[in-house]
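Hydrogens, waters and symmetry mates are skipped; everything else that's a heavy atom, side chains included, is used.
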Amino acid sequence: MVQGLRKTAHTLLVLAATACSTSSVALEINDQLDISGFARIIGGYLDDNEAQLNGYQDEVTLKQQSLLALQPTFRFNEQFALTGQFIAHSNSERKSGTEWLYLSYSPNNSWQFRAGKLRMPTYAYSDSIDVGYSYPWITPPLQVYNNYLAPTFTGISGSYNYAGREYALYLEGYYGYFDGEILQAGSRVDISANVKDIIGVTARLSHQNLSLRLSYNTGYNKSDVPQLEPIQNALEQAGFRNSASSLDDDGRTSFYEAAISYDDFDSFFKAEWTRAETELDLAPSLDGYYFTAGYLWQDWTLHFTYGASAYTNVKAQQELQGVRNAALQKLGQQQPLTAIETISLQYFGLFDSAPDGSLDSYTLGTRWDFRLNMAFKAEVTYLNETSPRSGFFGTRFTSGLPSDLNKKNDATLLQLGWEWVF
């Protein structure tokens, strides 16, 4: 295992050094081309021998969050530019390649218009979520930053930036679509999502050291969920249309966000709240928030964060309840089940195992900025389910479900990180 960790770290370091060298050469050849980038090597260990969280389990690994990225910008003139971001992930479950690629038009210092593949500006750190150097944590609070469905979109955006003597105002609006894999409560699920008519607005107001941010995003989601289709079709054919429609996940998805921060360069305080709403009965809504405070002393930062999340209650339709009771009675008597009795058990099983709980977390971390563009970080996070099935703890077992659905999980995540921007 140690040899594998050394090999991964060595590979990432070689790639990062090569990227930096390439950037310098490119800037010397053509002053219209600006190439920046960032890299991070993150090691983590979860002290739980059964569950996993955010890809971590009870063995040291560097592959979950380590990455290398290049961000070239080619300026045609003072108004038009082409910007891309290309990321190589060490985590095989995250797709490496083009994160964003867009053409921008800036008629003056206040306005900017973009078109192409863009990052969805849902949260305070949406644009820099992969740039670990830009925030104090190694892993941003999971209850907020692992709950988005569509991290990027293809479309257009327009922004206005005003900087006055007392106040600064930033406004952004966008429109587009998303087609790809989605995340739910921090886990990638085997679902191909097509979200169209995505519309979002973001506003940020700053006064001296205080900043307030509000965001609203919505779109029409049409997802292909292969696991639900057989049960849904069987319910339709048997005439249980209310139960069948409760498994239909086509509908509008909305995201709300509010954040406030205070930073006086010696200390900082931040809070962010999010809410995701869908028309899928298996995942109606999810709230998440965090509070963080930090103190800076010379090149060191010490911070503490409390985070929490909670699902709304997941409720199945009751028109199959009598069929289910008959099926359970037959199982107790070891009698064969009819087809609809089997379907009823599968239907209620989906709701019994769906994320329907809450999670609290407590993070203590430190950061050492030993160079202008590099930082070391250390972090310990204790995570505790205040009610079962928070949606964040996974299982190693091939069934995909823990043996006890009512178990409250808790674990401690230990992480070390090296961050670099160039």
Side-chain angles (χ1 to χ4, degrees), residues 34-38 67 69-76 79-89 91 93-107 111-131 145-161 170-184 186-204 213 215-225 249-257 274 276-280:
D34 176 22
I35 300 182
S36 59
F38 53 92
L67 57 84
L70 293 177
Q71 184 169 308
T73 299
F74 183 82
R75 304 186 185 280
F76 300 97
Q79 295 179 325
F80 288 93
L82 181 65
T83 301
Q85 187 181 96
F86 310 99
I87 299 183
H89 292 282
N91 187 344
E93 293 189 4
R94 296 194 62 183
K95 287 187 176 181
S96 299
T98 304
E99 189 68 15
W100 65 43
L101 182 63
Y102 60 85
L103 179 68
S104 62
Y105 169 62
S106 305
W111 288 94
Q112 185 183 64
F113 302 92
R114 300 181 296 171
K117 183 179 181 181
L118 303 163
R119 172 74 70 169
M120 191 175 293
T122 315
Y123 307 113
Y125 290 99
S126 289
D127 284 344
S128 61
I129 188 63
D130 291 314
V131 189
Y145 284 91
N146 273 33
N147 289 336
Y148 52 79
L149 289 178
T152 61
F153 72 98
T154 301
I156 57 175
S157 76
S159 61
Y160 172 75
N161 191 32
Y170 177 83
L171 298 173
E172 181 178 1
Y174 69 91
Y175 176 83
Y177 69 92
F178 171 81
D179 191 3
E181 297 176 333
I182 67 171
L183 300 171
Q184 181 177 332
S187 300
R188 185 172 299 280
V189 292
D190 185 19
I191 297 175
S192 296
N194 181 277
V195 187
K196 58 184 180 180
D197 294 332
I198 299 176
I199 300 173
V201 291
T202 299
R204 185 175 66 245
R213 185 183 192 275
S215 174
Y216 171 70
N217 313 265
T218 185
Y220 189 85
N221 175 48
K222 183 176 177 59
S223 299
D224 180 17
V225 188
D249 60 348
D250 292 357
R252 186 152 296 278
T253 300
S254 300
F255 303 89
Y256 308 84
E257 183 257 5
T274 60
E277 295 181 348
T278 76
E279 295 185 2
L280 175 62

Can you measure from [atom1] ([X]) to [atom2] ([Y]) and round to the nearest 0.5 angstrom?
X: Tyr216; Y: Tyr256; atom1: OH; atom2: OH; value: 4.5 Å
X: Lys222; Y: Asp250; atom1: NZ; atom2: CG; value: 4.0 Å
X: Asn217; Y: Thr202; atom1: CG; atom2: OG1; value: 6.0 Å
X: Met120; Y: Thr154; atom1: CE; atom2: OG1; value: 9.5 Å
X: Tyr102; Y: Thr73; atom1: OH; atom2: OG1; value: 6.5 Å
X: Ile198; Y: Thr152; atom1: CD1; atom2: OG1; value: 8.5 Å

Walk me through whether Leu67 and Phe38 qualify under side chain to side chain contact (heavy atoms under 4.5 Å, CB included). CA-CA 8 Å; Leu67 57 84; Phe38 53 92; 3.6 Å; yes
Side chains of [X] and [Y]: does their closest heavy-atom pair fall under 4.5 Å?
X: Leu118; Y: Tyr174; answer: no
X: Tyr125; Y: Val131; answer: no
X: Phe113; Y: Ile156; answer: no
X: Pro121; Y: Arg213; answer: yes
X: Thr83; Y: Arg114; answer: no

Show your reasoning for whether side chain to side chain contact (heavy atoms under 4.5 Å, CB included) applies to Ile87 and Asp130. CA-CA 9 Å; Ile87 299 183; Asp130 291 314; 3.4 Å; yes
Report the C-alpha distance between Ser36 and Asp34 in whole Å, list the side-chain angles of each, state the deciding distance to 0.1 Å, and finish with yes or no for side chain to side chain donor-acceptor pair (under 3.5 Å). CA-CA 7 Å; Ser36 59; Asp34 176 22; 5.4 Å; no
Between [X] and [Y], what is the shortest heavy-atom contact and its length?
X: Thr218; Y: Ser254; answer: OG1-OG, 3.3 Å
X: Thr98; Y: Lys117; answer: O-NZ, 2.9 Å
X: Ser215; Y: Thr122; answer: OG-O, 3.4 Å
X: Ala203; Y: Leu171; answer: CB-CD2, 3.6 Å
X: Pro72; Y: Ile35; answer: CB-CG1, 4.0 Å
X: Glu257; Y: Ala124; answer: OE2-N, 3.5 Å

Knowing that exactly one of Gln71, Arg119, His89, Gln85 qualifies, which makes a side chain to side chain donor-acceptor pair (under 3.5 Å) with Glu99?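 Output: one option passes, namely Arg119.
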Side chain to side chain donor-acceptor pair (under 3.5 Å) with [X]: which residues, sequence neighbours excluded?
X: Ser96; answer: none
X: Tyr175; answer: Asp197
X: Tyr170; answer: Glu172

Just do the side chain to side chain contact (heavy atoms under 4.5 Å, CB included) check on Leu82 and Phe76 with the steps written out, would you? CA-CA 8 Å; Leu82 181 65; Phe76 300 97; 3.9 Å; yes
Just checking, is any N or O donor in the side chain of Asn194 or Tyr177 under 3.5 Å from an acceptor N or O on the other one?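 No.
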What do the steps show when you test Arg252 against Glu279 for salt bridge (charged side-chain N to carboxylate O under 4.0 Å, His left out), and what is the final call? CA-CA 6 Å; Arg252 186 152 296 278; Glu279 295 185 2; over 6 Å; no
